[in-house]
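First comes the structure, then the notes that go with it.
Chain A is the first sequence line, chain B the second, and so forth, proteins listed ahead of strands; every chain is numbered from 1. Bear in mind that the values here come from a model prediction, so they are computed numbers and not experimental data.
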Protein chains: 4
Amino acid sequence: MDDPLAKLKNGTLKLYDLEKEMPPDEAVRVRRAYVEGETGADLAALGTYSIGIDRVVKRNIENMIGAVQVPVGVAGPLAVKGEYARGTYWLPLATTEGALVASANRGCSAITKAGGADVRIIKDGMTRAPVFAARDIVHAREIADWAVANTAKLAAAAELTTSRGKLLSITPYIVGTNVFLRCAYDTKDAMGMNMVTIATAEIANLVEAVTGARFIALSGNMCTDKKPAAINMIEGRGRSVVAGVHLSNDLIETVLKTDARTLAEVNYRKNLIGSVRAGALGSNAHAANIIAALYLACGQDIAHVVEGSSCITTIEATDDGGAYVAVTLPAVQVGTVGAGTVIDTQAACLSLLGVAGGGEPEGANAKAFAEIVAAGVLAGELSLLGALAAHHLARAHKELGRG
Amino acid sequence: MDDPLAKLKNGTLKLYDLEKEMPPDEAVRVRRAYVEGETGADLAALGTYSIGIDRVVKRNIENMIGAVQVPVGVAGPLAVKGEYARGTYWLPLATTEGALVASANRGCSAITKAGGADVRIIKDGMTRAPVFAARDIVHAREIADWAVANTAKLAAAAELTTSRGKLLSITPYIVGTNVFLRCAYDTKDAMGMNMVTIATAEIANLVEAVTGARFIALSGNMCTDKKPAAINMIEGRGRSVVAGVHLSNDLIETVLKTDARTLAEVNYRKNLIGSVRAGALGSNAHAANIIAALYLACGQDIAHVVEGSSCITTIEATDDGGAYVAVTLPAVQVGTVGAGTVIDTQAACLSLLGVAGGGEPEGANAKAFAEIVAAGVLAGELSLLGALAAHHLARAHKELGRG
Amino acid sequence: MDDPLAKLKNGTLKLYDLEKEMPPDEAVRVRRAYVEGETGADLAALGTYSIGIDRVVKRNIENMIGAVQVPVGVAGPLAVKGEYARGTYWLPLATTEGALVASANRGCSAITKAGGADVRIIKDGMTRAPVFAARDIVHAREIADWAVANTAKLAAAAELTTSRGKLLSITPYIVGTNVFLRCAYDTKDAMGMNMVTIATAEIANLVEAVTGARFIALSGNMCTDKKPAAINMIEGRGRSVVAGVHLSNDLIETVLKTDARTLAEVNYRKNLIGSVRAGALGSNAHAANIIAALYLACGQDIAHVVEGSSCITTIEATDDGGAYVAVTLPAVQVGTVGAGTVIDTQAACLSLLGVAGGGEPEGANAKAFAEIVAAGVLAGELSLLGALAAHHLARAHKELGRG
Amino acid sequence: MDDPLAKLKNGTLKLYDLEKEMPPDEAVRVRRAYVEGETGADLAALGTYSIGIDRVVKRNIENMIGAVQVPVGVAGPLAVKGEYARGTYWLPLATTEGALVASANRGCSAITKAGGADVRIIKDGMTRAPVFAARDIVHAREIADWAVANTAKLAAAAELTTSRGKLLSITPYIVGTNVFLRCAYDTKDAMGMNMVTIATAEIANLVEAVTGARFIALSGNMCTDKKPAAINMIEGRGRSVVAGVHLSNDLIETVLKTDARTLAEVNYRKNLIGSVRAGALGSNAHAANIIAALYLACGQDIAHVVEGSSCITTIEATDDGGAYVAVTLPAVQVGTVGAGTVIDTQAACLSLLGVAGGGEPEGANAKAFAEIVAAGVLAGELSLLGALAAHHLARAHKELGRG
């Protein structure tokens with residue numbers, strides 16, 4: 001075609017229609033050139049990428065102008081003793097914050113020297129909670145009662161939309177004329193937000209048709225997706241995972257340069273007391289750092305860092321003078337198929353963990369990944385709490401980071 | 001040197017010491033090969049990158065094995081009427097979640113057609129809150145009182161560590177024997193976490209030396225960094241920003257395919273009522289999606305998505321039949337210098353917004369960026385709430401995404 | 001006996017042993033005299049009471065020195081359309097805050113003129129959640145799994161301790177090595193805290209004996225009793241009740257001196273937006289005032305005002321120009337037998353509502369009382385929101401109250 | 001007059017007008033008779049009271065039909081080492097929950113044997129936060145800025161309404177078009193809600209007149225009055241008080257029948273971990289029980305139990321094998337003048353504590369009372385945590401209570 005830039009400028013071609021007119025790599029180049037023209041910015045750096053652009057522009061992004069690159073470091077080896085992840089892992093961490101990988105690495109070292117982290121998934125269910133408007137509170141209870149009584153029927157409708165997802169439960173919540181139906185699904189190896197959104201739309205349509213409820217929105221914020229909410233902390237969302245390790249005082253001294261008692265005191269005064277007074281949800285040092293770096297490397301939805309990083313870190317002195325350290329993560333929303341996991345660089349990171357693609361049986365890979373994530377967060381907590389205990393935080397930042 | 005891989009395997013060379021033995025690009029290659037050998041994974045995809053690796057390995061990452069690539073799409077033009085950002089912007093959004101850029105784009109269109117979003121920064125202060133142990137509660141109050149009475153002295157000590165940062169205030173919180181001193185700083189164009197951490201270490205040392213307090217940890221979780229906490233929602237952290245726009249009912253119908261009344265009802269039932277019952281902090285539809293995509297594109301710390309996405313979205317019907325829509329973001333932690341902002345691809349995204357590097361006067365670029373972020377979140381909220389209102393969410397996911 | 005005062009002073013008689021030495025009314029008098037001697041205070045006013053002191057000193061109080069008197073006013077008539085409470089009620093409100101009864105009265109008038117308040121109980125279960133310590137996180141999950149798998153066996157043990165209570169469910173929550181088992185019971189006409197505490201002790205002992213868990217405390221704070229907690233707001237505790245009424249705009253104008261639109265706006269800006277920014281649990285104007293006054297009059301545990309007042313007030317404009325107003329109270333913990341309900345004056349207040357003692361069938365009286373409480377809170381919300389809407393709050397305080 | 005009952009029935013006399021027609025005691029009697037006639041209930045028990053009815057019906061209650069009586073027990077002696085309360089106190093506790101006074105008594109014994117509780121007030125300011133509507137977010141910031149810049153002028157207007165109250169600060173919070181001005185006052189010996197409500201009305205009117213803000217409601221829920229809210233936990237409301245005591249292990253064993261280590265473990269697993277997972281505000285065992293019993297006995301507003309019981313209980317093992325136990329109460333709203341404090345029986349309870357009426361200097365009595373309250377809560381926490389530690393809770397309930 002002749003001069004798409006000119007056509008973009010005179011409005012005869014829409015910016016988002018470029019892929020219809022030319023191959024995707026050219027569309028990206030033209031669009032970038034157009035935006036450069038509009039803003040005067042030099043965006044050449046965005047133009048170097050090696051991901052399978054055909055697939056990406058169809059499924060992962062619109063109006064693409066290039067790609068950002070985020071460096072990936074490894075922390076490990078990390079010994080994990082889960083039910084799905086068993087063995088030694090190298091964690092791919094994508095970050096631009098100096099010192100983070102080094103810190104995680106130290107935590108991995110402590111855990112591995114201690115024989116590895118125990119990890120267990122204690123709940124698994126991805127949720128979507130549409131909201132309906134009732135005529136009055138009497139109607140509201142009728143709607144809720146009907147939905148619960150007809151869960152099997154609603155499950156059948158929901159599951160027609162997905163080959164893998166299974167509806168696990170529907171929990172109703174009423175607030176005045178508002179009815180929320182929190183629908184939980186087993187999403188197997190998928191993180192599952194799209195799957196459960198589509199499936200729940202069927203449920204919502206049926207509820208509306210039968211009960212006379214007005215279907216207001218497919219998400220009524222009691223899901224709760226990408227917002228900090230106690231309901232996720234309490235009831236879980238996605239995979240709820242716990243990881244723990246016992247460290248001898250000797251190991252704490254040699255690897256973390258502090259002692260068990262000081263480590264427990266820092267957790268008590270900082271993570272627990274400080275969080276309570278701050279009105280925090282959860283109680284941890286920096287779960288979000290590890291979650292963000294792992295999610296970004298492995299093609300997860302990084303907006304899920306919000307709930308994914310919900311974490312309670314506990315440290316108890318043990319009778320042998322050591323400490324038992326654990327992290328509880330109620331809302332790890334991860335998948336190994338779909339979404340960003342199929343992009344080449346992200347798929348490589350998942351393969352580094354041995355969890356790329358669908359598992360055997362279905363769900364095993366996503367569960368193994370969730371277990372590794374929890375063990376990684378445990379490593380991060382150990383290292384930062386150790387550093388704080390030794391008053392090393394500022395010095396670490398001076399040497400490795402900058403800001 | 002001869003065979004670094006062999007030396008890594010036999011332990012005579014440490015994985016994190018590779019950069020001391022060879023140029024960084026070779027160190028990254030060797031490390032990747034080593035990890036491939038350990039795991040059997042093919043990590044070739046991570047090996048293509050174009051960022052200035054010399055600088056990156058010194059400042060942004062350790063144990064680097066390559067880079068992940070995340071596609072960047074643009075949404076815009078977005079008209080912004082802030083005090084620092086005034087004009088029309090193209091938002092760079094790095095994401096792998098299909099439909100997000102298209103959705104943001106629609107929101108930008110609504111705002112721009114309405115004449116642009118008003119944006120104001122209502123507070124600006126980056127915080128760090130060390131925790132101290134007192135002997136008893138009497139001592140605790142003495143420590144707190146001393147710190148407040150000696151703020152000028154503590155500020156002088158803190159500011160010796162930074163050429164730009166200014167201590168704004170010290171707010172004490174006491175819980176039993178625990179004393180937290182929440183120190184707030186003007187960090188100019190930097191996001192400032194490292195700056196305030198280093199500066200606050202000086203304060204903490206002084207407090208310990210003079211008052212006899214035991215300095216427990218440089219962060220006492222009342223900062224609150226990278227954890228959801230009411231203190232940030234209430235008192236703010238980083239830049240507190242509000243953005244708003246008035247939309248006529250006609251504009252809502254043509255761009256968002258719904259009407260003012262339905263839009264307000266969805267916000268009321270979903271964002272407000274649903275969030276309250278869920279025990280949420282804040283009340284919004286998906287601020288985290290826009291925050292995450294902008295932060296990732298522009299070299300921000302993506303773990304800051306946790307607080308950065310704290311948001312209250314409000315929609316009120318107006319007398320003319322339209323609606324006033326606003327987002328309030330109390331904790332936007334952004335910078336345009338340092339950390340990930342100096343990586344080539346991320347710097348390009350900042351330059352696309354005209355806010356790369358230090359501003360004139362100092363701080364102006366970071367403030368402009370914060371204003372653009374808020375306007376971007378407003379666009380995202382408008383579009384998703386509009387889609388929900390029209391029961392279009394599931395369909396949008398079916399067509400553009402997958403999961 | 002000779003001179004008990006002298007014996008109290010010389011330590012040969014304990015203050016709490018007086019009832020063993022003399023009739024209760026004399027014991028109260030002597031104890032009061034002793035305390036007067038120790039403090040120089042004149043406590044004569046406490047000495048006038050007409051409640052059945054024999055029963056009270058055995059069951060309701062220790063170290064009694066007299067009684068306080070709190071005036072009781074009535075608000076009504078209030079028309080209630082519940083499933084257990086159907087008819088017109090006069091609410092007994094014990095308070096010393098001028099204007100409260102008058103305000104509630106106005107709300108009752110609005111509701112009754114509108115035909116009465118619909119009320120529904122949407123969940124009913126009193127909870128106790130003991131906490132156990134596990135050896136490690138693997139053990140923690142084993143304990144939780146065992147408890148869930150053996151719910152029937154645990155229920156049998158629990159129900160041996162009570163003639164009326166029924167175990168409804170056990171929900172496990174794990175945090176590191178901590179296992180919480182939230183046990184919910186149908187407590188019939190009792191509020192039930194003592195009943196469920198005793199029953200849950202049996203469960204806890206069994207769990208400890210079989211699983212090797214260390215039984216730490218009978219209440220692990222996930223109950224959650226007498227503390228504000230999202231778990232009660234989300235999952236409920238005691239009776240979860242919703243009440244609602246439709247008011248025409250005409251009724252709002254004549255009784256509340258405002259209009260439907262203003263009323264809804266006040267609720268939106270104050271109760272919803274203000275509560276979200278304040279980091280509140282729930283969203284209401286002053287549910288606690290009505291709850292406190294009703295609980296006190298009717299012999300309830302007034303420390304339960306903490307959760308009992310958890311409330312979300314919703315107001316929506318309706319197509320006819322009126323408004324639908326509702327209150328949602330997830331944690332109304334009330335009973336009509338036992339505890340303070342048997343004291344003469346409190347029993348009279350329950351009889352005023354027609355709900356004194358055990359119901360037919362069991363539980364019907366406590367449920368009816370819970371419904372009346374919700375309708376009363378609705379009256380209180382209506383009146384205060386109306387007053388605020390008309391900027392009348394300050395004037396009302398000037399005229400009726402003082403402070 | 002002739003037959004008021006007949007006139008009430010035929011509507012020629014209003015129930016709330018009885019006091020205009022006859023002496024108050026007769027009005028109460030007639031009203032009670034009328035309500036008995038309407039409901040068939042026997043309310044004779046409410047008719048025995050000895051409080052100064054003339055004053056009560058004018059200031060504390062409307063539509064009075066009698067009084068409830070609540071038994072008062074004493075716990076003590078309790079040694080308190082505050083700045084305002086120094087000495088030994090007997091706590092008047094009004095409750096109907098068996099075992100509570102005995103439990104508090106045991107806590108007092110432990111504290112007093114340990115030499116008394118240290119207590120400090122760390123902040124003092126009663127708040128009211130009106131909400132205003134702005135035209136848009138630009139206007140919102142203008143309103144907030146104007147209020148802060150004109151605090152002196154607003155203080156002058158506010159203080160015209162009160163002879164004692166002083167405005168301490170105005171803190172603005174913006175959410176979209178909503179502006180909240182949290183006004184804090186020194187209310188001297190008054191609890192002060194009415195005082196600050198009336199004073200803040202002046203501020204609100206001025207803000208509206210000058211800025212063009214629409215004054216929506218005198219309370220915008222950021223006060224936050226009688227609702228659980230993080231803003232009170234973080235910033236305090238009324239008197240913020242901390243109390244602490246060091247107990248030797250010997251004392252813990254002899255009085256509390258447990259040991260320092262177990263006591264600390266129960267607090268850690270139950271109060272801290274359990275509360276975090278429950279999404280609680282604060283972290284304590286049963287502060288509400290003591291607060292409720294003291295507030296009720298001493299004529300405080302019992303709806304203030306909601307925030308008054310906000311409490312963080314901390315226990316740390318000390319090097320000598322003992323424990324330091326503290327309670328932090330950020331929102332103790334108490335007064336010794338006005339409201340319920342003037343009723344005879346309640347005034348007697350205040351005089352028992354030596355804090356009835358106005359203090360010397362002004363405010364000293366209310367502050368002393370706040371200190372005693374905190375020490376009382378400390379006693380309650382010690383006793384219940386000790387009982388839980390020894391697995392004694394259920395047994396204690398079996399023996400002393402019932403329900």
Side-chain angles (χ1 to χ4, degrees), chain A residues 41 43 45 48-51 60-64 67-69 71 73-74 94 96 101-102 175 178 194 198 201 216-218 220-222 224 226 228-231 266 269-270 273-275 277-281 288-289 292 302-303 305-306 338 340 344-345 348 351-352 388 393-394 397 401 403, chain B residues 41 43 45 48-51 60-64 67-69 71 73-74 94 96 101-102 175 178 194 198 201 216-218 220-222 224 226 228-231 266 269-270 273-275 277-281 288-289 292 302-303 305-306 338 340 344-345 348 351-352 388 393-394 397 401 403:
Chain A
L43 304 178
T48 305
Y49 47 82
S50 58
I51 45 179
N60 297 104
I61 193 103
E62 301 83 47
N63 269 357
M64 182 169 166
V68 288
Q69 299 174 28
V74 287
T96 59
V101 175
V175 183
N178 302 278
N194 285 336
I198 293 164
I216 296 295
L218 199 33
N221 273 29
M222 292 196 72
T224 299
K226 301 178 178 172
I231 198 170
V266 169
R269 292 188 185 272
K270 165 196 169 62
I273 304 294
S275 296
R277 183 66 189 263
L281 278 172
N289 274 330
I302 59 168
V305 172
V306 175
D344 300 342
T345 48
S351 74
L352 172 55
L388 286 167
L393 183 63
H397 275 283
Chain B
L43 305 178
T48 305
Y49 47 82
S50 58
I51 46 180
N60 297 104
I61 194 103
E62 302 84 48
N63 269 358
M64 181 170 166
V68 288
Q69 299 174 28
V74 287
T96 59
V101 175
V175 183
N178 303 278
N194 286 334
I198 293 163
I216 297 294
L218 199 31
N221 273 28
M222 292 197 71
T224 299
K226 301 178 179 172
I231 198 170
V266 168
R269 294 189 183 269
K270 165 195 169 63
I273 304 293
S275 296
R277 182 67 190 262
L281 279 172
N289 274 332
I302 58 167
V305 171
V306 175
D344 300 342
T345 48
S351 75
L352 172 55
L388 285 168
L393 183 62
H397 275 281

Pairs of heavy atoms under 4.5 Å with chain A: top-ranked of B/Val306, B/Leu43, B/Val266, B/Ile216: B/Ile216
Residues that B/Ala94 engages under side-chain contact (heavy atoms from CB on, under 4.5 Å), provided they are two or more places apart: A/Val68, B/Val70, B/Val72, B/Leu296, B/Ala297
Chain B contact via A/Thr224 - side chain, backbone, both or neither, heavy atoms under 4.5 Å: side chain
Chain A contacts, top residue of B/Leu281, B/Val305, B/Asp344 (heavy-atom pairs, under 4.5 Å): B/Leu281
Where B/Met64 and A/Pro71 come nearest, the two heavy atoms and their spacing: SD-CB, 3.8 Å
Heavy-atom donor-acceptor pair, A/Asn63 side chain to B/Val74 backbone, under 3.5 Å: yes
Option in A/Ala230, A/Ala303, A/Ala278 with maximal non-hydrogen atom pairs under 4.5 Å from chain B: A/Ala278
Approximate separation, where rounding is to 0.5 Å, of A/Asn178 CG and B/Arg269 CZ: 4.5 Å
Residue among A/Ala288, A/Ala348, A/Ser50, A/Ala217 with most heavy-atom pairs under 4.5 Å to chain B: A/Ser50
Distance (rounded to the nearest 0.5 Å) between A/Lys270 NZ and B/Leu218 CG: 9.0 Å
Any donor-acceptor pair under 3.5 Å from B/Gln69 side chain to A/Thr345 backbone: no
Those residues that, when tested against B/Ser275, pass side-chain hydrogen bond (donor to acceptor under 3.5 Å, both in side chains) (two or more places apart): A/Asn221
Which of A/Ile51, A/Thr48, A/Ile61 touches chain B most, by non-hydrogen pairs under 4.5 Å: A/Ile61
Leading residue by heavy atom contact count with chain A [cutoff under 4.5 Å; candidates B/Ser351, B/Ala292, B/Pro228]: B/Pro228
